[in-house]
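Everything below concerns the one structure shown next.
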Amino acid sequence: MNENNDILINEKNMEVLVAKFIPTSQYFERSFDSLQRQIDGLKEGQSDLKRTIGQALCFFVAIALIAPKAYIVLSGLICFLIFVTGG
């Protein structure tokens, strides 16, 4: 500070100020890792959903082959149970 209480900015002070505003490479690496974990979780969820749908479809086909009239009633009940229990 000088006599007028003004803050003097020199090159070193400017570098410190800039360094505090510009994110480091570690910040970007952590952000990327976090996004990658979220993407991996979504892919896993999609795989689980595909597997559940495949299992339900096989079950519906089996019921339709065994008892065509029962398929209509049971399919609604099974769809309800699948959505209520989350798979």
Side-chain angles (χ1 to χ4, degrees):
M1 295 183 140
N2 61 16
E3 299 123 17
N4 298 332
N5 290 331
D6 294 332
I7 296 175
L8 298 176
I9 302 216
N10 60 23
E11 187 174 336
K12 184 178 179 184
N13 290 344
M14 186 58 78
E15 288 176 8
V16 171
L17 285 172
V18 169
K20 293 201 181 268
F21 287 109
I22 297 176
T24 63
S25 61
Q26 290 176 346
Y27 168 81
F28 290 109
E29 289 172 10
R30 284 193 306 264
S31 296
F32 177 78
D33 290 342
S34 175
L35 289 173
Q36 191 62 51
R37 282 192 301 275
Q38 291 175 7
I39 290 169
D40 292 343
L42 290 172
K43 286 180 180 178
E44 185 178 326
Q46 286 176 337
S47 295
D48 291 345
L49 181 60
K50 287 178 184 178
R51 190 171 30 261
T52 301
I53 290 172
Q55 291 170 349
L57 184 59
C58 289
F59 187 71
F60 291 149
V61 169
I63 290 176
L65 293 173
I66 294 170
K69 290 182 182 179
Y71 170 73
I72 295 169
V73 174
L74 287 177
S75 65
L77 177 62
I78 291 169
C79 285
F80 174 76
L81 291 175
I82 287 172
F83 286 109
V84 168
T85 61

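Because the structure is predicted, anything quoted here is derived from the model rather than measured.
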Distance-only criterion, 3.5 Å: show the donor-acceptor pairs between side-chain atoms of residues 26-33 and protein atoms not counting sequence neighbours.
unit_1, atom_1, unit_2, atom_2, d
Ser31, OG, Tyr27, O, 3.0

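- In this structure, Ile53 belongs to a hydrophobic cluster whose other members, linked by side-chain heavy atoms under 4.5 Å apart, are Leu49.
- Separation of atoms CG (Asp48) and CD (Glu44) is listed at 5.5 Å; rounding is to 0.5 Å.
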